[in-house]
Amino acid sequence: MHSPIRRGPGSSASAEPEVTQRVFLDIEVGGRPAGRIVVGLYGNEVPKTVDNFVALATGETGFGGYKGSAFHRVVPNFVLQGGDFDRGNGTGEAMRYVIAAGSLDDTRFFITTADTPWLNGKHVVFGKVLEGMDLVNKLQFVQVDRRSRPVQPVVIADCGVLA
């Protein structure tokens with residue numbers, strides 16, 4: 001199951017969960033710096049999912065992580081999908097593993113760019129974009145091929161936890 005990151009302010013949630021940690025994603029498009037996205041994580045609501053996302057953002061898993069991985073699918077007014085650091089196209093096999101924090105079925109995640117009520121109850125919302133929504137809005141309109149794959153790589157050049 002993919003895990004979405006709720007878009008920023010104005011997202012449709014009845015009560016906003018508490019942000020317990022912040023993760024940064026420094027993005028490059030076509031090898032050029034594009035900016036930073038800061039994601040607030042809901043550690044009290046979904047602790048295992050957040051622990052796993054943080055482990056992948058810091059690279060502490062020992063077998064890979066989000067640094068250097070690409071957003072493999074971009075659909076305007078819907079979603080940016082990333083997190084497949086195995087194959088980079090959403091079909092990677094390294095997505096099934098167990099780390100100390102618990103079981104994680106999928107390293108892929110997505111950032112929604114519009115309200116997506118049809119996804120409610122189907123995916124785990126584990127955070128929201130706190131900073132960089134302007135970048136997210138630009139990224140959703142990068143040129144893509146007929147399979148919604150960015151023509152120029154959209155890469156997480158660096159990532160980690162913010163104090």
Side-chain angles (χ1 to χ4, degrees), residues 1-43 45-46 49-50 52-54 56-57 65-92 95 104-162:
M1 180 184 306
H2 301 291
S3 297
I5 299 169
R6 191 175 302 282
R7 63 193 178 93
S11 56
S12 60
S14 55
E16 213 38 61
E18 177 186 6
V19 169
T20 58
Q21 293 185 73
R22 297 180 319 139
V23 167
F24 71 91
L25 307 172
D26 287 340
I27 307 298
E28 290 182 352
V29 177
R32 294 186 176 141
R36 175 174 279 190
I37 299 168
V38 176
V39 178
L41 305 175
Y42 303 146
E45 298 289 320
V46 285
T49 302
V50 166
N52 288 327
F53 187 79
V54 167
L56 290 163
Y66 295 138
K67 185 175 180 174
S69 70
F71 283 92
H72 57 271
R73 184 170 177 244
V74 175
V75 180
N77 298 309
F78 176 43
V79 70
L80 308 175
Q81 288 184 304
D84 178 358
F85 55 82
D86 185 30
R87 293 190 182 157
N89 63 7
T91 65
M95 291 182 276
L104 177 67
D105 292 329
D106 198 335
T107 63
R108 294 173 292 179
F109 65 93
F110 54 86
I111 300 173
T112 57
T113 60
D115 287 332
T116 54
W118 64 91
L119 297 178
N120 291 347
K122 294 184 172 108
H123 301 283
V124 177
V125 175
F126 65 92
K128 68 177 179 179
V129 174
L130 297 175
E131 300 171 28
M133 199 61 205
D134 56 335
L135 176 58
V136 169
N137 286 328
K138 288 178 189 174
L139 294 175
Q140 72 173 315
F141 295 108
V142 297
Q143 184 180 3
V144 296
D145 66 16
R146 60 185 176 85
R147 292 181 151 173
S148 300
R149 295 178 301 203
V151 173
Q152 291 190 333
V154 178
V155 175
I156 300 171
D158 198 11
C159 52
V161 175
L162 295 170

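Heavy-atom basis, side chains included; hydrogens, waters and symmetry copies ignored. Position 1 is the first residue of the sequence; numbering continues from there.
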Measure the spacing between CD1 of Ile27 and CG of Asp158 and express it to the nearest 0.5 Å. 10.0 Å
On a heavy-atom basis, the closest approach of Lys67 and Cys159 is N-SG, 3.5 Å
Distance, nearest 0.5 Å, that separates CD of Gln140 from CG of Leu135: 11.0 Å
On a heavy-atom basis, the closest approach of Thr113 and Val75 is OG1-O, 4.3 Å
Evaluate the criterion side chain to side chain contact (heavy atoms under 4.5 Å, CB included) for residue pair Leu139 and Val29; output intermediate values, then yes/no. CA-CA 9 Å; Leu139 294 175; Val29 177; 3.6 Å; yes
If I compare all heavy atoms of Asn137 with all of Phe141, which pair ends up nearest, and what's the gap? O-CD1, 3.1 Å
From Leu130 CG over to Leu41 CG, what is the distance, rounded to the nearest 0.5 angstrom? 8.5 Å
If we only count heavy atoms from C-beta on, is the Val39 to Phe109 side-chain gap below 4.5 Å? no
Nearest heavy-atom pair of Pro150 and Val142: which atoms, and what distance? CB-CG2, 4.2 Å
Kindly compute the distance separating CG (Leu80) from OG (Ser148), expressed to the nearest 0.5 Å. 11.5 Å
Is there a side-chain contact between Glu131 and Arg22 (heavy atoms, below 4.5 Å)? yes
List the atom of Val125, the atom of Val46, and the distance in Å for their closest heavy-atom pair. O-CG2, 4.0 Å
Quick one: closest heavy-atom pair of Tyr42 and Thr20, and the distance? C-OG1, 4.1 Å
Can you confirm whether Leu162 sits close enough to Arg36 that some side-chain heavy atom of one is under 4.5 Å from a side-chain heavy atom of the other? yes
Measuring from Asp26:CG to Ile156:CD1, what's the distance to the nearest 0.5 Å? 10.0 Å
How far does CE of Met133 sit from CD1 of Ile37, to the nearest 0.5 angstrom? 8.5 Å
Parallel, tilted or perpendicular for Phe53 and Phe126, by the 30°/60° rule? tilted
